[in-house]
Structure formats: structure tokens, C-alpha cells
Amino acid sequence: MKSGWRVGVGLGLGSVALLGLVACSDGSANKAPKPVAEVVRTVSVAQVELRPMGGVQQASGLLVAREEIAVGPELGGYRVAALLADEGDTVRAGQALARLDDGLLQAKIAQAQASMVQARAQAKQAQAESARVEGLDGQGVLSDEQIQQRRTAAASATANADVAAANLAGLRVEAERMVLRAPVAGVVLQRNVRRGDVASPGGEAMFRLARDGMVELAAEVPEDQVDRIQPGDKVDVALASGVELEGKVRLLSRRVDDKTKLAQVRVVLPVRADLRPGGFAQARFAQAAAPVAAVPEKAIHFEAGGPQLATIDADSRIRKLPVSLGARAQGWVALRDGPPVGTRLALGGGAFVLDGDRVQVSTAAEPAAKPAAAPAAQAAGSAAGAGGQR
């Protein structure tokens with residue numbers, strides 16, 4: 001009896017389970033799959049605005065002499081007898097820098113002077129003989145050939161005297177060139193000669209001067225930013241030593257380096273002893289504020305392809321747009337290339353949305369929660385609840 005009872009109970013439970021499975025399978029077959037709800041992210045919104053942006057453009061370069069003067073010998077074969085200036089000296093125009101040994105030249109001058117005296121004496125004698133035959137032409141005292149010979153000899157002697165005088169003058173000019181002088185006032189930047197060296201015209205300059213001691217900055221600026229700088233603009237210059245100076249743009253180069261794509265901007269600096277050509281310096285060019293299309297810095301997202309903006313179209317969908325950025329000021333960034341003014345942009349959460357996602361603009365924050373009830377009121381409420389339960 002017990003075993004029969006157990007078998008009957010088992011069959012009954014199995015039938016009930018089978019009916020339940022059939023009912024579940026029929027219900028799932030009749031129901032259609034529910035559509036997946038689109039996720040709408042809430043973002044804060046800004047716009048592309050016209051704002052006055054005054055940026056600071058930085059550039060670097062080398063200090064160079066505004067006008068570098070090379071001083072070298074005009075005569076060759078003479079040894080340097082004395083050096084009268086050294087690097088760093090301030091010299092005036094015409095001041096002696098070096099002197100060559102002129103012993104051999106002075107001997108040539110003495111010889112040329114003696115030759116000139118001799119030539120003048122001969123010219124004087126020939127002129128006297130020519131003067132004695134004046135008026136004797138055709139009178140038969142002397143033949144016309146003899147008269148002409150005396151006149152020719154006088155002219156030749158006079159010419160020889162002139163040649164001797166010119167030769168002497170040339171040697172005296174050379175004697176003056178034996179002293180190398182500064183052609184302009186300035187500072188000696190470099191001395192490339194030693195005492196005892198043999199002068200060689202056309203070789204390396206013996207001295208290099210910075211005219212009037214003026215040193216300026218040759219800043220290198222990208223070609224797309226040169227037009228933003230104008231002659232006369234003020235420039236803040238920082239030297240490698242940390243000293244800061246105020247300069248002024250003197251000229252803009254009309255040539256762009258074909259390799260670096262940089263253009264040179266010359267900045268005039270005050271005359272100072274610590275400005276050394278060849279040194280490094282940085283320049284900051286202040287640009288005037290002008291209304292430009294700008295966006296908040298928070299709206300810019302940097303992807304692998306560069307900076308982007310998450311714009312919001314009329315259907316409240318995200319459209320990613322690459323942009324080109326300009327100057328930055330007070331939390332805003334100027335757009336060189338980007339969407340037009342008035343375009344809506346996603347701020348908060350904009351970096352986490354994809355192109356085509358639907359978004360909604362965040363509303364004002366909900367009012368703060370009311371303060372908690374007093375302990376007495378809470379106790380009263382508890383008592384009332386307890387009474388109701390009873």
C-alpha cells in the first residue's frame with residue numbers, strides 16, 4: 001500500500017510539472033521581443049561665441065649684431081707688429097686696432113722720394129732747354145728736328161716726375177693702411193689675429209665689430225603667424241640668464257626657410273654689456289584683442305586625430321567635428337577652423353558620447369531636501385502609528 005501511494009503521488013507531481021512547462025512555452029511563443037530603449041545621456045551645453053581674444057605668441061632665436069663690421073688688412077706680406085684692441089673693447093670710429101710692421105715700406109718710400117727728386121730735377125733741366133729754343137722755328141739757327149727733340153724731352157721729363165710723385169703718394173697711402181682702424185664706433189666682438197701673423201688681404205677678417213654696440217634678437221616664427229606681428233610691436237624678451245628686457249620689432253623677413261618653414265623677426269634691444277651675439281633668448285609677442293569665434297576649454301576633446309568638438313544638431317544628436325585651435329585666454333580657446341558662431345556644444349559628458357547619440361540638456365538642480373523633522377514630531381508619529389496598529 002505504501003509503495004502504491006508513493007507511485008501515485010509521483011505521477012501526479014510529474015503531470016503538474018509537465019502542464020506548467022507547456023503553459024510557459026506557449027506564453028513565451030505568443031509574446032513579441034521588447035525593443036531596447038535608447039540611452040539618452042544628459043549633458044551641459046555651451047555655444048560657439050564671438051569673444052575678444054588677445055593671445056601671447058612665443059618664439060625663440062639667437063642674439064645677433066644688428067650690423068657686423070669685418071675689419072681686415074688691405075696689404076699682404078707684412079707681419080702684425082702690435083695689437084691695440086681686444087675682444088669686448090669699445091672703440092670709436094678711426095681708432096687703431098692693429099699695426100703692421102712698415103720697415104720695408106718705409107725703405108720703399110725713401111727710395112721713391114729720391115727718385116721723385118731726381119725726376120723733377122731732370123724735368124726742370126729739360127724744360128729750360130726747351131725754353132731756349134722758343135721763337136727759333138724756321139730761322140735756321142737750329143733745325144726743326146733739334147727744336148722738336150728738346151720740346152719732347154721736356155715733356156717726357158715732366159711726365160717722369162709726375163709718375164715718381166704718384167708712386168710716392170701711393171706708398172704713403174700704403175703706409176697709412178699699415179694701421180688697421182675701426183671704420184665705425186662699436187664693440188669688438190671677435191679678434192682673429194695674433195702678433196707676428198702675416199697679413200693676407202681677402203682672408204679671414206682680423207676683427208669683427210658690432211656697430212654702436214647694438215645687439216638684437218633674430219627670433220624664428222612659424223610662417224602662419226608672421227602676419228600677426230607688425231613692425232613697432234613691443235616684445236618681452238627673456239635671456240638665458242633670466243634677465244627680461246623690453247624690445248621692439250624692427251623688421252619682418254620676407255623669406256621663409258624652405259627646411260624649417262620659419263621666418264625671421266628682428267627685435268631691437270637696448271644696448272647692454274650682457275647681450276652677447278650667439279646667445280639664446282625667448283620672445284613673447286603680445287597680440288591685440290580682436291573678436292574671434294571661441295569655445296570653452298571644457299568643450300574640446302582630444303582624440304587620436306586631434307582636437308574635436310561634440311556639436312548638437314537640431315535633433316539633439318551628437319556630431320563630432322575636428323577643429324583647429326588658436327590662442328587661449330581666460331578659459332576660452334579661439335577657433336581657427338571650426339563650426340560657425342551659435343553652434344551648440346556638449347560640455348559635461350561630451351567626451352563620453354559617440355557620434356549620433358541622442359542627448360538632452362541638463363536642467364537646473366533640484367531644490368535641496370527639506371530638513372529632518374524634530375525628534376518630538378518623530379516620536380509623536382511613531383506613537384500614532386503604534387496606536388493605529390493596535
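Worth saying up front: this structure is predicted, and the values here are computed from it rather than measured. Computation of the quantities below employed the complete heavy-atom set of this structure, encompassing side-chain atoms and omitting hydrogens, waters and symmetry-equivalent molecules.
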Out of curiosity, [X] [atom1] to [Y] [atom2], how far, rounded to the nearest 0.5 Å?
X: Glu67; Y: Arg211; atom1: CD; atom2: CZ; result: 4.5 Å
X: Arg99; Y: Leu84; atom1: CZ; atom2: CG; result: 6.0 Å
X: Leu269; Y: Lys248; atom1: CG; atom2: NZ; result: 11.5 Å
X: Gln127; Y: Arg120; atom1: CD; atom2: CZ; result: 11.5 Å
X: Lys124; Y: Thr158; atom1: NZ; atom2: OG1; result: 12.5 Å
X: Leu347; Y: Ser44; atom1: CG; atom2: OG; result: 4.5 Å

Starting from the C-alpha separation in whole Å, work towards a yes-or-no answer on side-chain contact (heavy atoms from CB on, under 4.5 Å) for Lys234 and Glu246.
CA-CA 7 Å; Lys234 292 184 178 180; Glu246 183 175 306; 3.6 Å; yes

Side-chain donor or acceptor of [X] paired with backbone N/O of [Y] under 3.5 Å:
X: Asp212; Y: Met214; result: no
X: Arg358; Y: Asp315; result: yes
X: Arg79; Y: Asp101; result: no
X: Ser156; Y: Thr152; result: no
X: Asp89; Y: Val188; result: no
X: Arg284; Y: Gln58; result: no
X: Asp355; Y: Lys320; result: yes
X: Ser130; Y: Ala126; result: no

For Arg228, I'd like to know if atom CZ has over 12 heavy atoms of other residues, nucleotides or ligands within 6.0 Å.
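It does: Arg228 CZ has more than 12 such atoms within range.
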
Does a sphere of radius 6.0 Å around CD in Glu87 hold more than 12 heavy atoms from other residues, nucleotides or ligands, not counting ones at 6.0 Å or beyond?
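Check passes, neighbour count above 12.
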
Less than 4.5 Å apart, side chain to side chain, heavy atoms only: is that true for [X] and [Y]?
X: Val361; Y: Arg344; answer: yes
X: Leu189; Y: Pro277; answer: yes
X: Tyr78; Y: Met178; answer: yes
X: Gln113; Y: Arg172; answer: yes
X: Asp102; Y: Leu104; answer: no
X: Val193; Y: Phe207; answer: yes
X: Thr311; Y: Ile318; answer: no
X: Pro339; Y: Val323; answer: yes

Out of curiosity, does [Y] fall in the hydrophobic cluster containing [X] (side-chain heavy atoms, cut-off under 4.5 Å, transitive links)?
X: Leu75; Y: Val80; result: yes
X: Leu325; Y: Val292; result: no
X: Val187; Y: Leu83; result: no
X: Leu217; Y: Phe285; result: yes
X: Val215; Y: Val268; result: no

Shortest non-hydrogen separation from [X] to [Y] and the atoms involved:
X: Ala263; Y: Val226; answer: CB-CG2, 3.5 Å
X: Ala164; Y: Met116; answer: CB-CA, 3.3 Å
X: Gly72; Y: Leu180; answer: C-CD2, 3.9 Å
X: Ala346; Y: Val43; answer: CB-CG2, 4.2 Å
X: Gln106; Y: Ala175; answer: NE2-CB, 4.1 Å
X: Asn192; Y: Ala205; answer: ND2-O, 3.1 Å

Carboxylate-amine/guanidinium proximity below 4.0 Å for [X] and [Y]:
X: Glu216; Y: Arg266; result: yes
X: Asp86; Y: Arg191; result: yes
X: Arg272; Y: Asp274; result: yes
X: Arg150; Y: Glu129; result: no
X: Glu223; Y: Lys261; result: no

Give a yes-or-no answer on whether the side chains of [X] and [Y] include a donor-acceptor pair shorter than 3.5 Å.
X: Ser60; Y: Gln282; answer: no
X: Gln225; Y: Asp227; answer: no
X: Thr343; Y: Gln47; answer: no

Let's go through Glu220 and Thr260 carefully: what are the C-alpha distance in whole Å and the side-chain angles of both, what is the deciding distance for side chain to side chain donor-acceptor pair (under 3.5 Å) to 0.1 Å, and is it a yes or a no?
CA-CA 9 Å; Glu220 294 182 330; Thr260 63; 5.5 Å; no

Begin with the C-alpha distance, continue with both residues' side-chain angles, and end with the deciding distance and a verdict on side-chain contact (heavy atoms from CB on, under 4.5 Å) for Arg41 and Gln360.
CA-CA 6 Å; Arg41 188 180 296 275; Gln360 73 176 29; over 6 Å; no

Evaluate side-chain contact (heavy atoms from CB on, under 4.5 Å) for Thr42 paired with Val359, printing each intermediate quantity in order.
CA-CA 6 Å; Thr42 301; Val359 296; over 6 Å; no

Ile229 and Val235: CA distance, side-chain angles, deciding distance, side-chain contact (heavy atoms from CB on, under 4.5 Å) verdict
CA-CA 10 Å; Ile229 303 173; Val235 185; over 6 Å; no

Applying salt bridge (Lys or Arg N to Asp or Glu O under 4.0 Å), run through Arg319 and Asp313 and close with a yes or a no.
CA-CA 7 Å; Arg319 295 289 180 258; Asp313 61 12; 3.6 Å; yes

